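Working notes, beginning with the structure itself.
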Amino acid sequence: IFQLSLPLNFLGTIYRELRQNLLDMEVLFNLQTEHAPIKDKPGAQPLVLKGGAIRFENVNFGYHPDRLIFRDLSFTIPAGKKVAIVGPSGCGKSTVFRLLYRFYDPSSGRILIDDQEIHETQLESLRRSIGVVPQDTPLFHSDIMHNVRYGRLDATDEEVKEAAMKASVHNTVLSLPEGYSTTVGERGLMISGGEKQRLAIARVLLKNPPILFFDEATSALDTHTETELMRSINTTLLDRARTSIFIAHRLRTVVEADLIIVMKEGQVAEQGTHEELLRLGGLYHDMWIQQASDNSPERIPEP
Ligand code: ATP
C-alpha cells in the first residue's frame with residue numbers, strides 16, 4: 001500500500017499544482033473567464049525563434065466590442081533589445097502582453113514574432129518562449145522549492161538553488177525557518193514584495209525564455225530594494241541577447257532602454273530613446289517633467 005500510495009500522492013500533488021497554477025494565472029492576468037479559450041488552429045506550426053523580434057501590425061482589440069483599447073496599433077520591437085512601454089494608466093500596456101501571450105486574440109491586424117504570425121503557431125511553443133516577471137508575483141500555497149520550480153517543472157533541486165543564488169534570494173531562503181521547505185503563499189509564511197519578485201526572477205531564470213516581460217516589475221518597492229533588484233535583473237536576465245520588454249510607470253527605470261514606446265489612446269504616440277523623446281518635447285517630455293516635479297519621495301531628477 002505504501003508503495004502504491006507514493007506515486008498516487010505524487011500525481012495528486014502535480015494535479016493540484018497544475019490546477020492551482022491555472023487559477024493563479026487567471027488571477028495574475030486579471031482574466032475574464034467568459035471569453036472563448038484560445039486554441040491552436042488546425043495545422044498550427046511550432047514557433048521557430050530566431051532573435052525574438054516582435055511586430056504589431058494594425059492591431060485592433062477591445063475586451064468588449066463596443067470599447068476598443070487598440071486602434072490600428074503598430075510597432076516593432078527589435079530582436080535582442082531592451083524596450084520600455086510607457087503611457088498613461090489604462091492605455092493598454094498590460095494588454096500588449098496579454099495579446100502577445102495569446103490570452104486574447106485581436107479582432108483584426110497581425111502580431112508576429114520573427115515574422116511568424118502568432119495566431120498560426122502552436123500555443124505551447126509560443127508560451128514557452130515568453131517569460132514574465134509580474135508586478136505582484138503569485139506564490140502558490142506550497143514550499144519555496146516548488147514555487148521556484150514552477151519556472152521549469154523538471155529542474156533539479158540544485159538547479160532551483162542555483163537560480164535562487166543568481167536572483168540574490170538564496171541566502172534569504174536559507175534564513176527562513178525551514179529553508180527551501182518553508183511553506184509560503186496564502187496562509188503560509190509572509191515574505192516581502194522584493195523577496196517575492198526575486199523568487200519570480202529565479203523562476204524565470206529556470207525557464208530561460210528568449211523573450212522576457214517585466215510588468216511593472218519595480219513599482220511596489222522602496223528605492224533601495226528597487227536598485228538592488230534592477231541590479232540582479234541586469235546581471236542575470238539581461239546577460240545575453242534576449243528581447244526584454246518593460247512595462248513601466250516610473251520613467252526613471254526606463255532611461256537606459258534601447259527604445260521607449262509611448263502609448264496613448266490605443267496607439268503609439270511617439271517612440272525613441274530617452275534623449276530623443278525629451279528633445280521631441282511631446283508626451284514623454286511632459287510625463288518626465290510631471291514625475292520630476294512630483295513631491296513623492298520617489299523623485300526623479302530634472303532632465
Ligand atoms: P496601468 O498602467 O494602470 O496598469 P495599462 O496601461 O496596463 O494600465 P491595461 O491593463 O492594459 O492598461 O488596460 C487597458 C484598458 O482595458 C483599461 O481601460 C482597463 O480598464 C481595460 N481592461 C483591462 N482588462 C480588462 C478586462 N479583463 N476586461 C475588461 N476591460 C479590461
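Start at 1 and go down the list; that is how both ligands and their atoms are numbered. From a predicted model like this one, the values you see are computed outputs, not experimental measurements.
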**Q.** Ligand-residue contact atoms, ligand 1 with Arg67, heavy atoms, under 4.0 Å
**A.** 18 (O)

Q: Could you name the option among Ile69, Leu99, Ile247, Val96 that has the heavy atom nearest to atom 15 (C) of ligand 1?
A: Ile69

Q. Closer than 4.0 angstrom: is that true for some heavy atom of Tyr104 and an atom of ligand 1?
A. yes

Q. On the ring face of Phe61, is Arg71 found with NZ or CZ under 6.0 Å from the centre and within 45° of the axis?
A. no

**Q.** Check: His64 N/O within less than 3.5 Å of ligand 1 N/O
**A.** no

Q: Would you sort out whether Ser142 and Asn147 count as a side-chain hydrogen bond (donor to acceptor under 3.5 Å, both in side chains), showing the intermediate values?
A: CA-CA 7 Å; Ser142 180; Asn147 265 287; 4.8 Å; no

Q) Which ligand 1 atoms are under 4.0 Å away from a heavy-atom of Gly92? A) 5 (P), 6 (O), 9 (P), 11 (O), 12 (O), 14 (C)

Q) Is it the side chain (CB and beyond), the backbone, both or neither of Thr95 that lies under 4.0 Å from ligand 1, heavy atoms counted? A) both

Q) Taking the non-hydrogen atoms of Met263, is any one of them nearer than 4.0 angstrom to ligand 1? A) no

Q: List the steps and the verdict of side-chain hydrogen bond (donor to acceptor under 3.5 Å, both in side chains) for Tyr104 and Thr95.
A: CA-CA 9 Å; Tyr104 300 88; Thr95 305; over 6 Å; no

(Q) Which label fits His170 and Tyr180: parallel for a plane angle under 30°, tilted from 30 to 60°, or perpendicular past 60°? (A) tilted

Q: Determine, for Glu159 against Arg152, whether the closest basic-nitrogen to carboxylate-oxygen distance falls under 4.0 angstrom.
A: yes

Q.
Does this structure show an ion pair linking Arg149 with Asp154, if we count only N-O contacts that are shorter than 4.0 Å?
A. no

